[in-house]
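Working notes for the structure below.
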Amino acid sequence: DVKVTQSSRYLVKRTGEKVFLECVQDMDHENMFWYRQDPGLGLRLIYFSYDVKMKEKGDIPEGYSVSREKKERFSLILESASTNQTSMYLCASSSPRSTQYFGPGTRLLVL
Amino acid sequence: QKEVEQNSGPLSVPEGAIASLNCTYSDRGSQSFFWYRQYSGKSPELIMSIYSNGDKEDGRFTAQLNKASQYVSLLIRDSQPSDSATYLCAVTEYSSASKIIFGSGTRLSIRP
């Protein structure tokens, strides 16, 4: 079974803090993704990576950065958290042109 | 902008009946199509994938694909209360080997 894990299920941070969200997959997938999901807005792609050290912007990259130093690990970084980044963050991984498998999600609250 | 359209619902279906969920997509080159189920507060989980025109059955679930009409559907037979969830339609983007475009989901409610 594919397993995608995320470092935290719930996180509370203060405005201006630097926030790291980490995602690990165990299926040797080339592709990894970060989404955020907000009520009424569906899944929105923040960044994705199709190989180690490679990254591409998604639909809403502003205020975020990513890092992929190893194939199994993809990190999302909020350089200076703001209240409008309060959301559910979902990591996913996949092989090319194939199904994406999601982690359990991190619910982030920025105060 | 490539899009995947779903009726947001809620779709209310009596227990034991057939629930029919529909999805249209704009990218004619899309090759792979998926249905995910998402319970409230949880992450999406894959329930069906379909790659060629026609029907694909898996237990109580049947996915239907019509590429000419750019239409995908999911039928759930003998609906159970545990089927109450949001169902996301997802379609691969032809120009990208990586990206999937998700619909905003249809909320399904099974009433006893």
Side-chain angles (χ1 to χ4, degrees), chain A residues 1-6 8-10 21 23 25 27 29-51 54-61 66 68 74 87-109, chain B residues 1-10 21 23-27 29-52 56 58 61 63 65 72 74 85-107:
Chain A
D1 269 358
V2 175
K3 190 145 187 185
V4 181
T5 57
Q6 294 182 228
S8 306
R9 294 298 303 273
Y10 301 95
L21 303 181
C23 176
Q25 51 96 2
M27 283 302 291
H29 283 161
E30 289 85 352
N31 302 327
M32 295 189 76
F33 307 82
W34 276 106
Y35 295 89
R36 64 178 283 179
Q37 188 174 35
D38 302 286
L41 295 177
L43 280 166
R44 292 184 290 169
L45 182 63
I46 304 171
Y47 268 98
F48 69 101
S49 169
Y50 52 89
D51 202 352
M54 305 303 287
K55 62 185 179 185
E56 281 200 27
K57 293 179 179 179
D59 301 317
I60 51 162
V66 290
R68 192 165 182 202
F74 192 34
S87 187
M88 169 75 106
Y89 289 88
L90 290 160
C91 175
S93 72
S94 77
S95 296
R97 301 195 188 281
S98 188
T99 309
Q100 289 187 15
Y101 295 92
F102 285 86
T106 296
R107 197 169 288 280
L108 173 67
L109 173 62
Chain B
Q1 172 120 8
K2 299 181 177 72
E3 292 183 337
V4 176
E5 300 280 348
Q6 296 181 255
N7 189 322
S8 62
L21 305 164
C23 170
T24 59
Y25 61 94
S26 63
D27 187 350
S30 295
Q31 298 293 313
S32 305
F33 307 85
F34 311 99
W35 282 99
Y36 288 81
R37 178 177 61 201
Q38 186 174 23
Y39 292 115
S40 181
K42 303 292 187 183
S43 61
E45 58 176 325
L46 179 74
I47 52 171
M48 290 286 286
S49 56
I50 187 166
Y51 304 100
S52 54
K56 179 182 177 184
D58 184 0
F61 298 96
L65 173 61
V72 192
L74 179 71
T86 296
Y87 289 81
L88 304 174
C89 174
V91 172
T92 52
E93 191 176 291
Y94 178 72
S95 60
S96 167
S98 306
K99 289 171 68 175
I100 289 179
I101 308 165
F102 286 88
S104 56
T106 297
R107 194 152 52 93

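Just so it is clear: chains get the letters A, B, ... in the order the sequence lines come, proteins before strands, and each one is counted from 1.
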query = Looking at A:Glu56, A:Gln37, A:Arg44, which one has more heavy-atom pairs under 4.5 Å with chain B than the rest?
reply =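 Among the listed options, the one with the most contacts to chain B is A:Gln37.
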
Ring centre gap for A:Phe33 and A:Phe102 strictly below 6.0 Å =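 Ring centroids of A:Phe33 and A:Phe102 are no less than 6.0 Å from each other.
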
side-chain hydrogen bond (donor to acceptor under 3.5 Å, both in side chains) between B:Asn7 and B:Thr106, worked out = CA-CA 6 Å; B:Asn7 189 322; B:Thr106 297; 5.7 Å; no

ask   = A:Gln25 side chain to A:Met27 main-chain N or O, any donor-acceptor pair under 3.5 Å?
value =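 Looks like yes, one N/O pair under 3.5 Å.
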
ask   = Under the 3.5 angstrom rule, does the side chain of B:Ser32 hit a backbone N or O of A:Ser98 as a donor-acceptor pair?
value =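 Flag not set: sc B:Ser32 to bb A:Ser98 has no pair under 3.5 Å.
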
Can you tell me which portion of [X] sits under 4.5 Å from chain A's heavy atoms? Options are side chain, backbone, both or neither.
| X | result |
| --- | --- |
| B:Gln38 | side chain |
| B:Ile101 | neither |
| B:Ile100 | both |

request  = Counting only heavy atoms closer than 4.5 Å, note whether A:Leu45 contacts chain B via side chain, backbone, both or neither.
outcome  =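 The side chain, not the backbone.
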
request  = Check the side chains of A:Gln100 and A:Tyr35 for a donor-acceptor pair under 3.5 angstrom, ignoring hydrogens and angles.
outcome  =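 Side chains of A:Tyr35 and A:Gln100: pair found under 3.5 Å.
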
